[in-house]
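Down below is the structure, laid out as structure tokens.
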There are 2 protein chains.
Amino acid sequence: MELDERKLKILQAIIKNYLETGEPVGSRTISKFTDLNLSSATIRNEMSDLEELGYIVQPHTSAGRIPSDKGYRLYVDTMMQSRMQEVEQMWDALNDKADKMESLLQQVAKLLAVNTNYATLVTGPQYRSRKVKFIQLTDVDETQLLAVIVLEGNIVKNKMLPLAAELSKEDILKLNIVLNTYLTGLDMSEINLSVIAKLKEQAGGLGNVISELLDAIAQAISEEEDIPIYTSGATNILKYPELSDHHVASDLLYELEEKKSLTGLLNENTEEHGIQVYIGQETSVASMKDCSVVTATYEIEEGIYGRIGIVGPKRMDYEKVVGTLQTLKTQLDDIFKKNKE
Amino acid sequence: MELDERKLKILQAIIKNYLETGEPVGSRTISKFTDLNLSSATIRNEMSDLEELGYIVQPHTSAGRIPSDKGYRLYVDTMMQSRMQEVEQMWDALNDKADKMESLLQQVAKLLAVNTNYATLVTGPQYRSRKVKFIQLTDVDETQLLAVIVLEGNIVKNKMLPLAAELSKEDILKLNIVLNTYLTGLDMSEINLSVIAKLKEQAGGLGNVISELLDAIAQAISEEEDIPIYTSGATNILKYPELSDHHVASDLLYELEEKKSLTGLLNENTEEHGIQVYIGQETSVASMKDCSVVTATYEIEEGIYGRIGIVGPKRMDYEKVVGTLQTLKTQLDDIFKKNKE
DNA sequence: GTTAGCACTCAACTCGATGGAGTGCTAATA
DNA sequence: TATTAGCACTCCATCGAGTTGAGTGCTAAC
């Protein structure tokens, strides 16, 4: 037995209806709801088949049917076409704030949350290996040295270093030159002992400062290793009865607050650059087995990606979500492209 | 009618018991629970008095009594003495991470949440008026200028400025000197039109760059205006039945996520530097009318304060919370004092 | 002033009845 | 052969009645 045209239509009707109402949907509803002109009895037979095929399930005998994960999957795969409308105000809101990566992404998360009414996640850019682009030392006052380290992708890091002894202007200038000469273009793995030895040799009497500096640089680079994840609208999940159950909600909210376990979720399939939909068990995060997760990948520059996504109930307006993510992704791409020009 | 010794003891017993069980407490319980050797009938009479005085209330007739806000207030004011034990592991955990203000404070929030099982808030330092301490311009590449702005309290801000036309090394040097000469030591309000005019005059042909720079500086200073608030353990509130009610929990979690409205709460009474306890309506945040908030003020340096606090149910182990906050406050004070040496 | 006793109140729980939505099956129909 | 009408059945949700138990307030006695 395979899915024919009619079964597909009925399945679609069931899911559509369930998405709207959140209640199990019965045969009579479908009979009236669709333009198939079939009696409820016929629908019942078909639904029985669909259940056997695993696309829908009954919460209990004598209840209507609700879609299974497999049903949702089919729905998402086949019946969904993107819609690229509304959400225009996002654009304006975004452009206002496009100064700082952090606040931008946080803003994106919030906008998405407000627009979709789901919980949202946004990751910052992931770099494969971050290279040092530029280093600048300055004496802020007699006791403190400020190291500004610019990494590939214009990530700027600051470190305050306490000074044992005051350094002269000339010393600082010299350090700046030496550091930039030897470290520019290198990433963590390339700054090895031989480079360090050469550095210290060139720095002459300032070797001890170099050591501290290298520590700071190493820290700055590795700091970024755990990519930041921004979340917003976590409380939205309380709006959906099937998720606001005590235990489920508590786990989910904790997960969203902690964020750590989300990295796994968001790192899956990074080679695929379209929209990804994870339904129920597909998410790999245990506490989300009653949720669906939809993510999109945006591109900052060649080879550097971040992700935006939402977490909501399986009963989710997939069409709208995918559309929204699609437009948002496009807009983010544009912003970064523009910023580079 | 005033509170005599016995009424106080009974009130104390009621509150203690209620804190433990979360259930309204009846006269028989108190009769057995305390060492007063009074029958339940007598207790009933006393409880009747206490209710009349407004220290306790009945959720409904024929239910036990629970403390009113006024009752909690008395309890907190009179019967609480700090206890400075446990929480030693906090110390270790903190010292590990004392490198970066942000992560330190986030860590503090988390530790506090784990230790108390309540939702926690921590604010970063608040400066009355932030002055420019130091400005450094550098050309990262041909098209971008990096402005590093150091504010009072060693807050470092970075701004990337796109360049219309390439600047020579000499121009940048000149700009650096001019900027530092005229802006160092000034705060937002002091950078007025006359200062700006003088700046542009000195900068000669670079007036247009100056304008952009000033925008960036203004942004850097004002950016910090809304003090960062770190929260943790928000989901803890779901552990308390009286708060996990749908509407209440949703509002609370939203408030904790948004953080904005919390500033008001945390800015009250900043002149008082001890532990503050807000019960129910006292908090000024509407959604917290069923909560208590306990805050402590820590000192980073002379005149610069931040706050740590927890949000939990009115039925809260006040003694423990106050103790924990007290020790944490002390430890934070120590860390910052040490860091300065 | 304290206590024992008793009537009263109220929330929480149990239990059964009822109704409605929905199914599965069978027999009739096109 | 596919569709439909009809019917018996199942199960959840809801409602109301009855019960229980904790707790109170009052009164009279100690």
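Throughout, a chain's letter reflects where its sequence line sits, starting with A, and its residues are numbered from 1.
- Considering only heavy atoms from C-beta on, A:Glu257 comes within 4.5 Å of B:Ser232 through its side chain.
- With rounding to the nearest 0.5 angstrom, the CG atom of B:Leu238 is 5.5 Å from the CG atom of B:Leu253.
- In this structure, a donor-acceptor pair under 3.5 Å is present between the side chains of A:Tyr318 and A:Ser292.
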Please list, for nucleotides 28-30 of chain C, all pairs of protein and nucleotide N/O atoms separated by less than 3.5 Å.
none

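- For the helix from C:dG1-D:dC30 to C:dA30-D:dT1, the axis fitted to the five pairs at one end and the axis fitted to the five pairs at the other end meet at an angle of 20° (nearest 10 degrees).
- Rounded to an integer number of Å, the gap from CG of B:Asp49 to C1' of C:dG1 is 13 Å.
- For residues 28-44 of chain A, proximity to DNA chain D is found at A:Asn37, A:Leu38, A:Ser39, A:Ala41, A:Thr42, A:Arg44, defined as any non-hydrogen atom under 4.0 angstrom from a strand atom.
- Once rounded to the nearest 0.5 Å, the distance linking OG1 of A:Thr231 with CD1 of A:Ile310 reads 13.5 Å.
- Considering NZ of B:Lys259 and CG of B:Leu265, their distance stands at 14.5 Å, rounded to 0.5 Å.
- B:Glu255 places no side-chain N or O within donor-acceptor distance of the main-chain N or O of B:Leu262, the cut-off being under 3.5 Å.
- Put simply, the residue from B:Lys7, B:Arg65, B:Arg6 that forms a salt bridge (charged side-chain N to carboxylate O under 4.0 Å, His left out) with B:Asp49 is B:Lys7.
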Under 3.5 Å, which protein N or O atoms sit close to an N or O of nucleotides 8-11 of chain C? Give each pair with its distance.
from   : atom 1 : to      : atom 2 : distance (Å)
C:dT9  : O2     : B:Ser62 : OG     : 2.7
C:dC10 : OP1    : B:Thr61 : OG1    : 3.3
C:dC10 : O4'    : B:Ser62 : OG     : 3.0

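- Nearest-nucleotide assignment on DNA chain C puts the 5′-proximal partner with B:Asn45, out of B:Asn45 and A:Val25.
- Nucleotides of DNA chain D that come within less than 4.0 Å of any heavy atom of chain B span, from the 5' end to the 3' end, D:dG23 to D:dG25.
- In this structure, B:Arg315 contributes its side chain and B:Glu23 its backbone to no donor-acceptor pair below 3.5 Å.
- Inter-residue side-chain proximity for A:Glu20 and A:Val25 is flagged as unmet; no heavy-atom pair is nearer than 4.5 Å.
- A:Arg73 contributes a side-chain N or O that, together with a main-chain N or O of A:Val277, makes up a donor-acceptor pair within less than 3.5 Å.
- Atom OG1 in B:Thr42 sits 8.5 Å away from atom CD1 in B:Ile10 (nearest 0.5 Å).
- Residue B:Lys32 holds its NZ atom at 13.5 Å from CG of B:Asn37, rounded to the nearest 0.5 Å.
- The pair A:Glu258-B:Lys110 meets the salt-bridge criterion, since a charged nitrogen lies less than 4.0 angstrom from a carboxylate oxygen.
- In this structure B:Tyr18 satisfies the ring pair (Phe, Tyr, Trp, His ring centres under 6.0 Å) test with no other residue, sequence neighbours excluded.
- Taking 4.5 Å as the limit, some side-chain heavy atom of B:Cys291 sits within range of a side-chain heavy atom of B:Leu252.
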